[in-house]
Amino acid sequence: MVLPVFYTLLTDHWGRMAGRGRGRGIAAFTFNIEALGLSRGALPETALGPIPLFPPVEYKPVPLKSGEDEEYMLALKQEIRATMKNLPYNIPVPEEKPDVERYKEKYTQKVYKNKHNTWTPDWQRLPKELMPQKKKKTKPKVTKQVKATSKKEKEDLLSKLDELEKKDQKSDDETGEKAADEGEDEEGGEGVEGGEFDEEEAEEENDYIASYFEDGDDFGGGSDDNMDEATY
Amino acid sequence: MTAQEVRLCGLLLQEHFGEVVEKVGTHLLRIGPLSLRAIAHETSTPLDLVKKSLCVLLQHSLCSFEGTQKGPRGVVEYRASCERILRMLRYPRYIYTAKTLYGDTGELIVEEVLQRGHMTMSHAVQTVADRLTHNMEEGSSMEYSEVVSAFSRLVETHLLQRCPSVTEGPLPVASSGGPAASATVPTLSECQTERFNLPPITLKGKGKRRLSNEDNEAEQARGKRARLDDANTKTSGDEGIYWQVNFERFHQYFRDQAIIGAVASKLDQTSSEIVRTMLRMSEVTTTPTAAYTQPLSVNEIFRALPPSYSISRPVLEQYLTLLVDDPMEFVSKTGDSGGGMYAVYVHKVLTSLARATLESVVQERFGSRSARIFRLLLRKRHLEQKQVEDFAMIPAKEAKEMLYMLLSENLVQLQEIPKTPDHAPSRTFYLYTVNPLSTARMLLQHCYKTVANLIVRRLNETKENKRLLEKSQRIEAILASLQASGAEAAQLTEVEEMITAPERQQLEALRHHVNKLDSSENQVDETIFLLESHISSTMASR
């Protein structure tokens, strides 16, 4: 702690440490110290560091008031704290779900979802944006996109494949045919962007990827025609 | 919004509403008004949680919204109110005051309204009646009409007030903001004339007793009954009219109590009764920040005195003269009509009380001699070091040490008065002074920091002993269920012995500590109230 008075006295008004010209270590003042009524020994000790975190207290604090009023208010305070925890206004931190959904989670009930735990505010008094929005299903959006772009995609795909056909050798005809068939029949598979498609799902509700097995094309028979193509 | 205030607000929000609301609330306090998306983005909280927290904050009037014209379509900005959050510290005092004034019914009404932020009158009456019925003996129940009458009495004395109601009508829309802004943000306007008007409601019935048998059965039965209740009490005529606690009025009451207490301790009981009468008569006519109450004539005071204090007219006048002449200036004479017009000088009393608080703080921390120096400086404003030593009659060395101690704690300031244009230290006067207003503010911040520390310490203590607390709670639950199903005494003692004696001692010590910390919070809040009233009264009178 720097005592402001004596700091100003120790430096002259340009801020330099006074008395330095006399040699190191002699703290001399530029003024006549007796004139101010001070003596060298009367100066308090210089502080050697920051004050400790819990400094020793000279005077112990006065004890708290304790009476009927205070005890009642204490009880009230603790009661309020306890009840507020159970009111619906207390929003708990949502628990993080583990990576894998455990089987038991389906069967452990969240307790006490009775009327007292839910609360709906008066929406007329609040801005509309605070109302919880219902989540729309994403599927319809995606199918709409597909339907809107499907024709275009189909044409692009076909034209691209035609080009490829012309460029590459005959051995790729089959794959090209297959792809073209795919494009016509199912509008989907690996070539086109996008996730699941409604039509594909509507056709087959199983896990088999339909593109590998086509009713029209023989899997085994096709490759017999041309031995150049390697079968894996 | 100082750092200490924000910290304390955060702790209070966390205690009452959980961590999610605390995060949102402290962020709003630190940054200022923000829109919904900005809050969600900056606190990295999911949007629906932010929405829920804002709903909770708005329900309790801890936050307000405002439709602004920023952005392409106008954006709603939310602003948290630090002052209002700090009021949560004072809830026990409000409830206790309601109890002393209006009994158990009043107490429960105020408690319910405080816990829920704001509610309709019918809802309040029903919940309070149910709670009272629950505590009454078997067979009797609380009539709604009694609760309604208690409610109306609370409203008549302005302790409860109506919330601002939604007005129909478009917002003044600027050309850039679209009409969408006015549709999404309701305008809430306060109608001064209707603030304390009770709505006409039709509520007949009595409180329902909740049976607490087996938990499951009761829950099912409650569920059914709740549905039936919903069907029965759907409309009771006061939809949309919400009531909230009028903190200003409570503060006025606390202030009056402080003034009466001060008069009683300085003078005597009769003068405090006179001042109490004067304050009671000017309750509804005085604004909260007025420096003086309305002038009252001696005749009015005489007529309004409580019959138990039957003093004669000349004695009353003598008492009033005594109050006016007292150096504390409790009461001042403002005129001579009607036998003499007298008004209570509220501002001066608050200043004296705040000053007494400051002095007692100095005395308890630094000793009575430092307190003497402090009081001297308060009275004489500016003093040199030599003069301080002389007036306080303390030896020079000790006086110096004490002064520097007070200076380092910032309770006392140094004022330089240069004699020459270059501020040469040997030719400058250094005067010590105390600035009461800034010292009061500093002490107020210390108080906020104190309460925050107390809360943190209490949370820490409970966290350290969490295992023990949980164990004791489980054992209590077992005991309760055993007793309810009629177990023998031997079984009960067996269960009780599951907690060992040292654990019991530890629990007892923990309970004692927590009680002490809680009680300290309540009492520091009293000091906060005094200092806040003083500061607001001084700022209003400037």
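In the text below, chain A, chain B and the rest are named by the order of the sequence lines, each starting its count at 1.
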Can you find a pair of side-chain heavy atoms, one from His16(B) and one from Ile80(A), that are under 4.5 Å apart?
yes
Are any of the side-chain heavy atoms of Leu89(B) and Lys77(A) separated by less than 4.5 Å?
yes
Ion pair present between Arg365(B) and Glu58(A), side-chain N to carboxylate O less than 4.0 angstrom?
no
Atom group of Tyr72(A) that falls short of 4.5 Å from chain B, counting heavy atoms
side chain
Residue pair Glu79(A) / Glu111(B), side-chain heavy-atom distance below 4.5 Å:
yes
Is there side-chain contact between Glu526(B) and Lys65(A), with heavy atoms separated by less than 4.5 Å?
yes
So which part of Tyr78(B) gets closer than 4.5 Å to some heavy atom of chain A, the side chain, the backbone, both or neither?
side chain
Minimal non-hydrogen separation, Gln115(B) against Tyr89(A), with atom names
O-CE1, 3.6 Å
Contact summary for Ser520(B) and Leu64(A), nearest pair of heavy atoms
OG-CD1, 3.5 Å
Answer yes or no: is there a side-chain heavy-atom contact under 4.5 Å between Tyr59(A) and Glu364(B)?
no
Leu76(A) side chain near Lys99(B) side chain, heavy-atom distance below 4.5 Å
no
Pick one of side chain, backbone, both or neither for Asp48(B), based on which atoms fall under 4.5 Å of a heavy atom in chain A.
neither
Looking at chain A, which one of Glu521(B), Lys23(B), Lys516(B), Lys386(B) has the largest number of heavy-atom pairs inside 4.5 Å, strictly under?
Glu521(B)
Please find the pair of heavy atoms, one from Arg116(B) and one from Leu87(A), that lie closest to each other, and give the distance.
NH2-CD2, 4.2 Å
Check whether Thr45(B) gets within reach of chain A through its side chain, its backbone, both or neither, counting any heavy atom under 4.5 Å.
neither
Using only atom types and a distance under 3.5 Å, with no angle test, would you say the side chain of Glu70(A) pairs donor to acceptor with the backbone of Ser519(B)?
no
Find the one option among Leu114(B), Ile95(B), Asn515(B) whose heavy-atom pairs under 4.5 Å with chain A are most numerous.
Asn515(B)
Name the option with the most non-hydrogen atom pairs under 4.5 Å to chain B; the candidates are Val57(A), Asp69(A), Val62(A).
Asp69(A)
Under 4.5 Å from any heavy atom of chain A, what part of Arg458(B) do you find: side chain, backbone, both or neither?
side chain
